[in-house]
Amino acid sequence: MAFPEDVFRACRRIPKGKVATYSQIARMIGRPRSCRAVGNALNKNRSPFVPCHRVIRSDLSIGGFAHGTKKKAEMLKKEGVSIEKGRVLRACVIR
DNA sequence: CTAATGACCATTA
DNA sequence: ATAATGGCCATTA
């Protein structure tokens, strides 16, 4: 019933090399309109077991990150996620 | 209690 | 393509 925990749990289901959108996470936890609040929750994540860097915007741009968008992008890249001009390729997004 | 704040989104121009 | 707009909602002050 704790919103942040639900968000973190959903986040952990994203495999390495793939990403999900804030909106998708919101739907996963049964709160389809809480995409903005999802970002708020992820912002406070401090656990290395929660891959919050795998969550991006619905337009496939990188989105925010507590330690800088820069870091987020390189972490993804290091995991094998292809980014094109500030955009993640569709193929890397979870269906 | 209300008001402000954001790692957002879809629509419109 | 970009920018503005209104909506959305959990959290925090």
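Convention: sequence-line order gives letters A, B, ...; per-chain numbering from 1.
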Whichever of A:F3 and A:R87 has its nearest DNA chain C nucleotide further upstream toward 5': A:R87
Earlier contact from the 5' end, DNA chain C, for A:P4 and A:C35: A:C35
Applying a 4.0 Å non-hydrogen cut-off, can you work out what A:A26 is touching in the nucleic acid: base, sugar-phosphate, or nothing? nothing
Which part of the nucleic acid does A:Y22 contact within heavy-atom distance under 4.0 Å: base, sugar-phosphate only, or nothing? base
Atom-to-atom span, [atom1] of [X] to [atom2] of [N] - whole angstrom:
X	N	atom1	atom2	value
A:R46	B:dA7	CZ	P	11 Å
A:L60	B:dA10	CG	P	11 Å
A:I29	C:dC8	CD1	C1'	14 Å
A:L42	C:dA10	CG	C1'	12 Å
A:M75	B:dA7	CE	C1'	14 Å
A:F65	B:dG6	CZ	P	18 Å
A:I62	B:dC8	CD1	C1'	15 Å
A:K44	C:dA10	NZ	P	12 Å

Partner nucleotide of C:dA13 by Watson-Crick or wobble geometry (both distances under 3.5 Å): B:dT2
Donor-acceptor pair present, A:R33 side chain and C:dC9 base, under 3.5 Å: no
Can you tell me if [X] uses its side chain to pair, donor with acceptor, with the backbone of [Y] under 3.5 Å?
X	Y	value
A:K77	A:K72	no
A:R95	A:V93	no
A:R87	A:D59	yes

Would you say that A:I94 contacts A:P15 through its side chain, given a criterion of any heavy-atom pair below 4.5 Å between the two side chains? yes
Return no unless some side-chain N or O of [X] is found under 4.0 Å from OP1 or OP2 of [N].
X	N	value
A:R57	B:dC8	yes
A:N40	B:dG6	no
A:S34	C:dC8	no
A:T69	B:dA7	no
A:S58	B:dC9	yes

Euclidean distance, A:R13 CZ relative to A:I25 CD1, rounded to 0.5 Å: 8.0 Å
